[in-house]
Amino acid sequence: MTITFDNLTLTQGEFTLRADLQIEEGHKIALLGPSGGGKSTLLSALAGFIAPTTGRILWNGDDISQTIPAKRPVTLLFQDHNLFPHLSVAQNIGLGLRPNLRLSANEHQIVAEALARVGLDGQGDKHPAQLSGGQQQRVAIARALLRDKPILLLDEPFAALGPALKHEMLDLVAEIVDAANATLLMVTHQPEDALWISDQTVLIADGEAHAPQDTKTLMADPPAVLRAYLGT
Ligand code: ADP
Ligand code: MG
């Protein structure tokens, strides 16, 4: 199970990102690099919201470049705005199982368990606006977990959380990704987050997504572009 960015070029207005690399199954990958460097662009392309200008995206050798987002093997979680405000917390999570929300008794039970798993036991009847930002993000994580896709994409998902809760959430994501033998790609601005959760890091800078490198090795001796970004 491999994600391949094959001679990929992505264009957003004046901006161009090149990516020619592979990500092997089961890794937890941090995407690190300066703001505006193209991290979100790469995730959006993998999720199917941006079409390649040139090149292809492959999953296990199958070209998924033209596949609609709903049919791709990915779940994408943004920094915020992941929930539907008019639906209850439980309904928002239930969407991960059944887009039409006609859940069986067993599926209601699965939703309740997912809520408990992210520390929101019994809060299913509330609406998102009744929860804090951090709690809302945990609801979004609960839904992402239920979708059970082989690739989980997180775009700075925990930027709004304090350090203790953030580490708790990172550990939860790691646990779930490991249990499902899924592959994680997570954008972060924080090198310590990359060290906390990822074994490999994809550096995105100067219009290029670089091949994955061992996170610890990279942080121990950062290349110039990363040093400039880290300010060290
Ligand atoms: P990052 O997530 O690393 O901060 P992005 O992928 O969001 O970077 O953005 C990469 C570049 O693409 C930026 O220069 C940004 O201005 C540009 N860009 C992003 N979205 C659009 C858009 N919809 N139209 C034009 N330019 C865009
Ligand atoms: Mg971004």
Side-chain angles (χ1 to χ4, degrees), residues 3-23 27-57 59 64-69 72 74-83 133-134 136-138 140-141 143-144 149 151-161 166 169-170 173 177 183-198 200-213 215 218-219 222-232:
I3 303 165
T4 306
F5 297 114
D6 175 26
N7 267 305
L8 193 66
T9 311
L10 303 169
T11 311
Q12 295 258 60
E14 304 281 283
F15 174 79
T16 302
L17 180 72
R18 283 169 290 117
D20 190 38
L21 61 104
Q22 291 203 342
I23 291 167
H27 284 290
K28 293 191 276 297
I29 309 274
L31 305 186
L32 203 63
S35 184
K39 302 179 296 294
S40 296
T41 299
L42 189 67
L43 289 195
S44 298
L46 184 50
F49 300 114
I50 297 174
T53 305
T54 65
R56 303 178 304 163
I57 300 173
W59 170 239
I64 57 167
S65 308
Q66 309 303 324
T67 307
I68 62 167
R72 295 207 184 191
V74 310
T75 293
L76 172 58
L77 196 64
F78 300 100
Q79 183 169 349
D80 43 31
H81 303 303
N82 290 295
L83 303 180
Q136 291 179 27
Q137 198 63 327
R138 284 190 269 161
I141 290 168
R143 183 179 59 208
K149 298 278 188 171
I151 305 170
L152 179 59
L153 307 178
L154 304 180
D155 198 347
E156 302 189 63
F158 307 128
L161 306 186
K166 184 169 69 176
M169 288 295 104
L170 288 174
V173 166
V177 164
T183 302
L184 173 71
L185 277 73
M186 185 182 85
V187 174
T188 176
H189 274 302
Q190 307 290 341
E192 62 263 28
D193 291 358
L195 282 165
W196 189 277
I197 196 170
S198 76
Q200 296 186 332
T201 293
V202 167
L203 203 54
I204 301 187
D206 300 329
E208 184 167 355
H210 296 264
Q213 303 170 69
T215 300
L218 185 71
M219 294 300 175
V225 58
L226 184 56
R227 278 205 306 277
Y229 166 61
L230 297 173
T232 53

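Counting starts at 1 for both ligands and their atoms, in listed order.
Closest to atom 8 (O) of ligand 1 among all protein heavy atoms lies Gly38 N, 3.2 Å. The single protein non-hydrogen atom nearest to atom 7 (O) of ligand 1 is Ser40 CB, 3.7 Å, given as residue, atom name and distance. Counting only heavy atoms of the protein, atom 19 (C) of ligand 1 lies nearest to Gln12 NE2, 3.5 Å. The protein atom (non-hydrogen) at minimum distance from atom 6 (O) of ligand 1 is Thr41 OG1, 2.5 Å.
Ligand 1 has an N or O atom lying under 3.5 Å from an N or O atom of Gly36, backbone or side chain.
For atom 15 (C) of ligand 1, no protein non-hydrogen atom is found at a distance below 4.0 Å.
Pro52 and Leu8 make their closest contact through CB-CD1, 3.4 Å (heavy atoms, listed as atom of the first residue, atom of the second, distance). Residues Gln190 and Thr188 approach most closely at N-OG1, 2.9 Å, considering heavy atoms. Residues Ala209 and Leu17 approach most closely at N-CD1, 3.9 Å, considering heavy atoms. Nearest heavy atoms, Arg72 versus Gln66: NH2-N, 4.2 Å.
For the 3.5 Å distance criterion, the side chains of Thr4 and Gln22 qualify, holding a donor opposite an acceptor. Between Asn82 and Gln137, the side chains place a donor N or O and an acceptor N or O closer than 3.5 Å (distance only, hydrogens not considered).
Near Ser35, meaning under 4.0 Å from any of its heavy atoms, are these atoms of ligand 1: 4 (O). Interface atoms of ligand 1 facing Gly37, defined by a heavy-atom separation under 4.0 Å, are 1 (P), 3 (O), 8 (O).
Distances from ligand 1 to the non-hydrogen atoms of Pro34 include at least one value under 4.0 Å.
Residues that satisfy the side-chain hydrogen bond (donor to acceptor under 3.5 Å, both in side chains) test with Trp59, not counting sequence neighbours, are absent from this structure.
Among residues at least two apart or in separate chains, there is no salt bridge (Lys or Arg N to Asp or Glu O under 4.0 Å) pair with a member in residues 40-54.
A donor-acceptor pair is defined here as one N or O able to donate and one able to accept, closer than 3.5 Å; no such pair exists between the side chain of Arg56 and the backbone of Asp6.
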Show every donor-acceptor pair shorter than 3.5 Å between a side-chain atom in residues 33-50 and any protein atom, with sequence neighbours excluded, or say none if there are none.
{"from": "Lys39", "atom 1": "NZ", "to": "Gly33", "atom 2": "O", "distance (Å)": "3.0"}
{"from": "Lys39", "atom 1": "NZ", "to": "Pro34", "atom 2": "O", "distance (Å)": "3.0"}
{"from": "Ser40", "atom 1": "OG", "to": "Asp155", "atom 2": "OD1", "distance (Å)": "3.4"}
{"from": "Ser40", "atom 1": "OG", "to": "Asp155", "atom 2": "OD2", "distance (Å)": "2.6"}
{"from": "Thr41", "atom 1": "OG1", "to": "Gln12", "atom 2": "NE2", "distance (Å)": "3.4"}
{"from": "Ser44", "atom 1": "OG", "to": "Ser40", "atom 2": "O", "distance (Å)": "2.9"}

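Around the Mg ion (ligand 2), protein N, O or S atoms at less than 2.8 Å number 1.
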